[in-house]
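Notes to accompany the following structure.
Numbers restart at 1 for each chain; the letters A, B, ... are given by sequence-line order, proteins then strands.
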Amino acid sequence: MNFELTEERQMLQDTLRRFLRTCYTTEFRNGVIASDQGYSPKIWTDLAELGVIGALFNEDQGGFGGTGFDIATVFEELGRAGVVEPFLETGLLAGRLLNQQDMIDQIIAGQLQLAFAHAEPNSRYDLNDVSTLATMLANKIVLNGRKAVVANAEAADYLIISARESGDDISFFLVPRDTKGMKLQGYPMTDGGRAAEVILDDVTIDVTSRIGIPGQALNQIETTIAAATVALCAEALGLMETAIQLTIDYLGTRKQFGKPIGSFQALQHRMADMLIELEQVRSIVILAAGHLETAPNIRDRYVSAAKNLIGRVGRLVAEESIQMHGGIAMTEEYELAHIAKRIIMIDHKLGDTDYHLERFIALSA
Amino acid sequence: MNFELTEERQMLQDTLRRFLRTCYTTEFRNGVIASDQGYSPKIWTDLAELGVIGALFNEDQGGFGGTGFDIATVFEELGRAGVVEPFLETGLLAGRLLNQQDMIDQIIAGQLQLAFAHAEPNSRYDLNDVSTLATMLANKIVLNGRKAVVANAEAADYLIISARESGDDISFFLVPRDTKGMKLQGYPMTDGGRAAEVILDDVTIDVTSRIGIPGQALNQIETTIAAATVALCAEALGLMETAIQLTIDYLGTRKQFGKPIGSFQALQHRMADMLIELEQVRSIVILAAGHLETAPNIRDRYVSAAKNLIGRVGRLVAEESIQMHGGIAMTEEYELAHIAKRIIMIDHKLGDTDYHLERFIALSA
Amino acid sequence: MDLNYTPEEDAFRAEVKAFLAEKLTPDLANKVAQGRELTKQDHDHWHATLNARGWLAGNWPAEYGGAAWDAVQRHIFEEECAMANAPRIVPFGLAMLGPVLQKFGNDAQKKHWLPRILNGDDWWCQGYSEPGAGSDLASLKTRAVRDGDHYIVNGQKTWTTLGQHANMIFCLVRTNPDVKAQEGISFLLIDMNTAGVEVRPIVLLDGSAEVNEVWLTNVRVPVENLVGDENKGWTYAKYLLTHERTNIAGVGFSTAGLEAVKRIARTEMAGGRPLIENPFFAARLAQVEIDLMAMAATNLRVISQAASGQAPGVESSMLKVKGTLIRQEINDLARRAAGPYALPFASEAMEETNDAIGPDYAATVTTRYLNNRKLSIYGGSNEVQRQIIAKTALGAMR
Amino acid sequence: MDLNYTPEEDAFRAEVKAFLAEKLTPDLANKVAQGRELTKQDHDHWHATLNARGWLAGNWPAEYGGAAWDAVQRHIFEEECAMANAPRIVPFGLAMLGPVLQKFGNDAQKKHWLPRILNGDDWWCQGYSEPGAGSDLASLKTRAVRDGDHYIVNGQKTWTTLGQHANMIFCLVRTNPDVKAQEGISFLLIDMNTAGVEVRPIVLLDGSAEVNEVWLTNVRVPVENLVGDENKGWTYAKYLLTHERTNIAGVGFSTAGLEAVKRIARTEMAGGRPLIENPFFAARLAQVEIDLMAMAATNLRVISQAASGQAPGVESSMLKVKGTLIRQEINDLARRAAGPYALPFASEAMEETNDAIGPDYAATVTTRYLNNRKLSIYGGSNEVQRQIIAKTALGAMR
């Protein structure tokens with residue numbers, strides 16, 4: 001049993017923390033969020049150079065990590081700094097679905113952007129609820145359907161699009177963003193970055209665009225989503241660390257009734273409860289990361305436990321941090337505003353608190 | 001709209017409160033609980049004379065009340081004093097099921113004890129789950145089965161026993177306690193008073209023992225249980241008032257670290273939350289009492305709302321009151337011990353928090 | 001005990017319902033229901049509509065043009081308006097300043113300002129909070145120094161709601177810095193077109209810009225704009241705060257919000273059935289519905305007492321805390337119910353494109369959830385309310 | 001990062017399991033599982049069984065006859081014992097006094113008292129709490145005045161767990177009343193057969209009589225029973241309290257408790273299906289199971305640090321709070337699961353009759369729920385722990 005980071009991961013953590021603390025200020029982030037692109041290509045390249053993306057791939061793929069603990073290390077730091085760049089989409093989701101080594105090389109080098117277009121307007125959090133159709137027509141594949149809230153779609157060079165082929169099973173396809181018939185309706189997200197509704201109207205692609213075995217995508221999607229959920233959980237941990245640290249700092253400086261508000265015992269005890277729950281979150285992230293490479297039913301039980309706990313504690317931490325600050329925390333120019341939004345919005349990604357509770361119960365039976 | 005008690009009910013409340021505050025001390029109550037009978041015949045008679053039982057019946061029955069608000073007024077005071085005497089069983093449950101005026105007269109006069117033997121070992125909170133059989137045999141009725149946790153059974157002159165007759169419907173029967181074939185296995189209850197398992201082994205009774213129309217009991221049982229649930233909710237309100245008052249008093253006198261513990265803000269805010277929830281309870285009791293005479297589906301929606309809220313707040317108040325006291329609250333000789341137990345045990349009577357939540361949802365659909 | 005309204009009250013409710021059905025346009029109601037920002041024109045229009053009916057100032061005495069309703073009537077009116085998704089009456093002139101002027105203003109002030117509030121000639125905003133003084137209002141620093149028949153005012157106010165629309169601001173200012181904090185405060189009316197008044201918007205985390213900073217630099221205010229006596233402003237301020245707390249429980253808003261959540265949950269499908277049939281969701285929904293039933297009854301108890309002349313005491317604080325917790329829980333349920341479509345950032349997204357992103361009902365669930373974090377912070381934070389409740393029960397323990 | 005135990009640790013766990021399977025009788029395990037009161041004989045028997053194996057004093061160094069386990073081994077042992085429903089080792093001699101004597105006692109004291117603890121010659125109890133001093137332990141009033149080669153002790157101790165079985169008590173007494181509270185305290189060993197010692201049981205709300213008051217009236221204690229230096233007792237007391245906090249998280253107890261709840265919920269039928277399939281019940285069960293998974297991992301993190309020589313800091317306080325909340329939630333689920341059969345008062349009922357009232361599993365759910373309210377009160381109340389956590393994070397703010 002050993003709960004220390006390996007030397008490599010510790011170095012990565014230190015480097016990332018130092019770099020982001022310096023560069024990724026609230027002002028900078030708010031500028032990024034307000035920009036048309038919704039992310040900073042400069043930060044993207046810088047972080048790629050620091051190894052953020054390489055850490056998400058294993059050595060066979062040209063990376064130097066790829067396990068649950070690597071993912072957790074990276075995303076905790078991204079969370080701590082409230083980073084909005086699409087590392088989850090390009091680095092983790094798309095990166096794990098692809099098998100083209102040349103593209104993976106480009107991803108690791110920070111030269112390619114991708115998006116995973118899977119969820120649909122009515123699928124909510126159900127991974128198997130795909131209505132988009134892929135029809136064979138004269139040696140071509142024709143895609144028709146609509147994909148919902150596809151993060152990073154506008155910036156992506158390629159979209160990975162899931163669809164049902166003949167029969168009932170899901171395949172997925174690598175489609176250049178500028179392919180004819182694909183319409184993107186973009187918008188900003190509450191927690192930064194951009195997403196788009198993707199309308200597929202007779203999008204005609206080559207059969208070679210299919211990734212993997214026809215109709216066998218669901219399994220791979222589930223494995224990928226498990227890794228992405230661990231990433232979200234670790235990100236949430238980092239975000240909560242920042243929310244709590246901001247609150248601690250504020251409690252020490254803000255005065256009311258002639259005393260720092262941190263001297264009020266009611267707030268002290270609520271802070272203690274948050275700190276206790278933060279350790280709970282840290283532990284469940286370790287458990288989920290540590291079980292990412294186990295059998296799917298064990299893996300998913302830990303992953304759902306983590307996402308459920310993070311949903312519950314996330315709400316507590318976001319709301320309590322704002323409440324203990326008062327009005328200042330609600331202003332866009334104060335760092336907590338973004339951090340708190342991001343914590344809450346994680347509950348809307350890859351299954352919310354209740355969804356994962358239900359899945360945990362099913363997997364525990 | 002008027003939330004004042006009528007003059008009569010106000011008088012009853014004042015009288016009861018004064019009487020019980022004087023007589024029903026912790027020492028006295030602990031003596032009653034420890035006694036073989038488990039209740040005080042003296043207190044029973046005294047309270048009957050003060051009108052406690054009469055208030056539960058309407059004028060046609062020889063009482064002077066009988067509505068939801070009468071029930072709430074009486075049971076709030078019984079709760080406030082932590083009374084363990086079986087007014088719920090004899091006065092309310094049995095009293096409402098009977099139609100024999102002579103017996104009702106005796107009940108009001110405090111001269112008769114009854115018990116309602118309905119629930120069975122596996123029925124949990126389901127009112128319709130009755131396996132006890134009533135078989136016709138040569139102009140007699142023969143009862144066979146087992147009744148569970150029958151409060152006041154040992155002291156009862158008669159038991160009202162529910163059973164299924166031919167077909168699927170429930171009837172009930174008035175049976176003297178000493179009838180042959182009926183075995184009582186008595187025991188004390190956690191919150192005072194006694195109950196018994198009632199084993200019915202060829203209990204042979206006259207057909208005239210049947211109360212009401214054969215097979216039509218369920219409806220009447222449901223109406224009666226609605227009234228009894230309002231009584232429990234009002235009792236819980238009174239109990240919580242006492243728990244909170246004891247805690248307020250203790251916070252003002254107990255010193256730690258050189259100050260009354262009530263000066264600690266963390267406790268002050270938790271006390272504030274309890275007081276807020278107490279008002280919630282007071283309101284929901286008024287609503288449930290005020291809707292007791294409405295149509296069953298409306299009535300039961302309010303009753304279930306009340307029992308659910310009381311279950312949730314009851315746990316909070318019982319546990320927080322003990323916690324804010326510390327060890328002293330766990331000693332039998334301190335009043336809160338009994339009060340807290342009684343609050344918690346109400347959750348095990350006539351449907352718990354979750355049971356009523358489920359029923360509320362069903363009735364709201 | 002009688003849980004029913006009188007026949008007169010029922011008739012009044014019917015009258016309000018009919019009025020709303022006739023006068024409140026679906027467009028405006030829809031905007032309110034979706035939690036979108038209303039324009040100044042929207043507010044002005046609705047005020048004028050109510051004023052034409054004599055219902056703009058429900059709490060004012062008839063002599064000043066008010067409807068002189070009792071607490072029950074006010075409650076009925078507010079509840080119906082909330083459930084119909086009528087715009088909330090902007091409270092600064094009507095619910096706050098009006099009562100202060102009526103009680104503490106001189107005849108000239110009453111005559112001049114009160115009709116202008118009703119007619120919409122003035123849009124008032126509130127100059128109470130300051131950057132350093134949140135819950136500790138009395139520690140305010142904005143200074144007013146007498147100079148002949150003017151005060152010279154310097155300082156900064158913040159959290160000034162809808163200050164961008166206002167031409168007038170009532171301010172608490174410090175006129176004597178050498179006495180106990182509460183004893184050196186005065187209540188001034190300031191024309192925002194005076195030189196030295198600057199309004200800067202504060203962008204909130206939901207993207208809204210409804211609150212502002214107001215900077216006051218050597219602003220000259222005529223002494224006739226002093227309300228009551230110099231240095232007695234704290235008394236008037238506290239009086240105003242008790243009036244601000246009308247409808248503190250927000251029962252109507254919560255009721256409307258709960259209905260909105262149910263509509264979402266009946267439409268959203270989760271695991272092959274409507275979300276409202278998901279037991280976890282249904283449980284939380286039912287619990288908050290039960291909490292709201294109880295709180296609404298507490299509210300009626302307080303209103304009924306008020307109508308019979310008793311001043312509400314600590315119950316106001318209880319209603320504030322529970323009322324805001326319930327509304328926030330309902331907001332939380334709404335954002336959860338919307339699922340992934342809670343992610344798009346509504347306020348910008350809806351301007352950019354004509355096609356709605358996802359279902360209509362999802363558009364503003366997140367911004368409303370975020371914006372309503374304010375409920376437990378402003379108007380006396382829930383922590384301050386808990387302190388009041390505890391003090392009342394426990395006394396001042398040291 | 002490595003979540004696995006070493007092969008050596010796995011082997012040790014297997015050894016503990018085998019030992020428990022062989023030596024722990026089903027009768028005794030059943031008694032523990034049902035939360036019934038154990039007799040002195042039960043405890044003595046189990047201590048002797050463990051001592052024969054050399055496992056009674058896992059935390060003691062080998063030189064004193066201990067097993068000298070590291071933190072991970074201790075955890076494995078405690079977890080297996082808890083899950084097998086072995087009696088808890090009575091901590092007063094072994095976990096509390098032993099370490100204090102080993103660190104602060106003189107050679108004569110070590111030589112005399114330590115073997116007697118292992119052999120069961122002495123049953124120790126703890127004389128810390130007093131009626132006026134709960135969380136504020138240092139305010140204790142029991143006085144010890146030197147009289148030749150004796151101290152004369154007067155005062156009252158309370159919450160003395162299992163004091164009815166004890167022949168020895170270690171006490172904190174005030175030897176100097178004229179200095180700061182913490183500086184005038186000494187640590188005395190008192191023979192309970194001395195004249196002037198009186199033990200009175202305290203009956204608790206669950207009917208149990210496991211705690212006692214100990215009255216000390218002119219009790220003569222030889223000076224050689226002073227541990228360490230006079231007036232330095234507070235240092236030893238605090239050292240003892242850190243040792244008391246071994247296994248503070250109670251992971252094994254919670255795990256066993258959770259399994260027990262599941263067994264009940266699989267048997268109880270509610271609405272025509274097993275209670276465990278009721279979504280409301282299942283939701284609460286799953287949430288506490290998830291909380292326990294996380295807390296167990298936090299516990300392992302702390303243990304792993306301890307095994308590598310780092311002293312646990314504020315994490316102990318966190319584990320105390322979360323650990324007790326989880327156990328209490330599990331106790332609450334158990335009593336709910338039992339339904340109406342939680343009503344019979346077990347401790348008396350079970351003596352009165354040979355027929356069990358209702359299902360076996362329901363017999364003690366209520367008494368255990370009630371009794372375990374103590375978990376968040378004793379050993380440093382959860383409020384005291386929160387204060388420690390907040391101070392560590394925020395510093396001492398005034």
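Between chain D and the options B:K349, B:K255, B:R254, the largest number of non-hydrogen pairs under 4.5 Å is found for B:R254. Your options are D:R336, D:Q328, D:M269, and the one with the most heavy-atom pairs under 4.5 Å with chain B is D:R336.
If you measure heavy-atom distances from B:I361 to chain D, the contacts under 4.5 Å come from the side chain alone. In this structure, no portion of D:Y378 lies under 4.5 Å from any heavy atom of chain B. For B:R359, no part lies near chain D; criterion is any non-hydrogen pair under 4.5 Å. Heavy atoms of D:L370 lying under 4.5 Å from chain B belong to its backbone as well as its side chain. Residue contact with chain B, scored on non-hydrogen atoms closer than 4.5 Å, is absent for D:A138. Only the backbone of D:A133 comes within contact range of chain B, judged by heavy atoms closer than 4.5 Å. At a 4.5 Å heavy-atom cutoff, D:Q387 makes no contact with chain B through either its backbone or its side chain. With a threshold of 4.5 angstrom between heavy atoms, D:R284 approaches chain B through side-chain atoms but not through N, CA, C or O. When heavy atoms are compared at a cutoff of 4.5 Å, B:D126 does not approach chain D at all. There is no contact between D:P279 and chain B, counting heavy-atom distances below 4.5 Å.
Closest approach of D:P340 and B:R124 over heavy atoms only: CG-O, 3.7 Å. The heavy-atom pair separating D:W159 from B:I328 by the smallest distance is CZ2-N, 3.5 Å. Minimum interatomic distance between B:M330 and D:N371 (heavy atoms only, all atoms of both residues): CE-O, 3.4 Å. Scanning all heavy atoms of the two residues, the minimum distance from B:A148 to D:Y341 falls at CB-OH, 3.1 Å.
Formation of a donor-acceptor pair under 3.5 Å by the D:D136 side chain with backbone atoms of B:Q256 is not found in this model. Without hydrogens or angle criteria, B:Q323 side chain to D:S376 main chain gives a donor-acceptor distance under 3.5 Å. B:T190 places a side-chain N or O within 3.5 Å of a backbone atom of D:L343 that can act as its donor or acceptor partner.
We find that B:R315 and D:D332 are joined by a salt bridge, their nearest charged nitrogen and carboxylate oxygen being less than 4.0 Å apart.
D:R335 and B:H348 form a side-chain donor-acceptor contact under 3.5 Å, judged by distance and modelled atom types alone. Donor-acceptor pairing under 3.5 Å is recorded for the side chains of D:N278 and B:E358.
Note that CZ of D:F345 is 10.0 Å distant from CG of B:D191, once rounded to the nearest 0.5 Å. Summarising the geometry, atom CZ belonging to D:F280 is positioned 4.5 Å from atom CG belonging to B:L357; distances are rounded to the nearest 0.5 Å.
A cation-pi arrangement is not found for B:K341 relative to D:Y369, the charged atom failing to lie both closer than 6.0 Å to the ring centre and inside a 45° cone about the ring normal.
Contact check for D:T366 versus B:I344: no side-chain heavy atoms found under the 4.5 Å cut-off. No side-chain heavy atom of D:L205 sits less than 4.5 Å from a side-chain heavy atom of B:L336. Using a 4.5 Å heavy-atom cutoff, the side chains of D:E268 and B:N122 are not in contact. The shortest side-chain heavy-atom distance between B:T331 and D:V203 does not fall under the 4.5 Å cut-off.
The 12-atom threshold is not exceeded at CD of B:E333, counting heavy atoms of other residues, nucleotides or ligands nearer than 6.0 Å.
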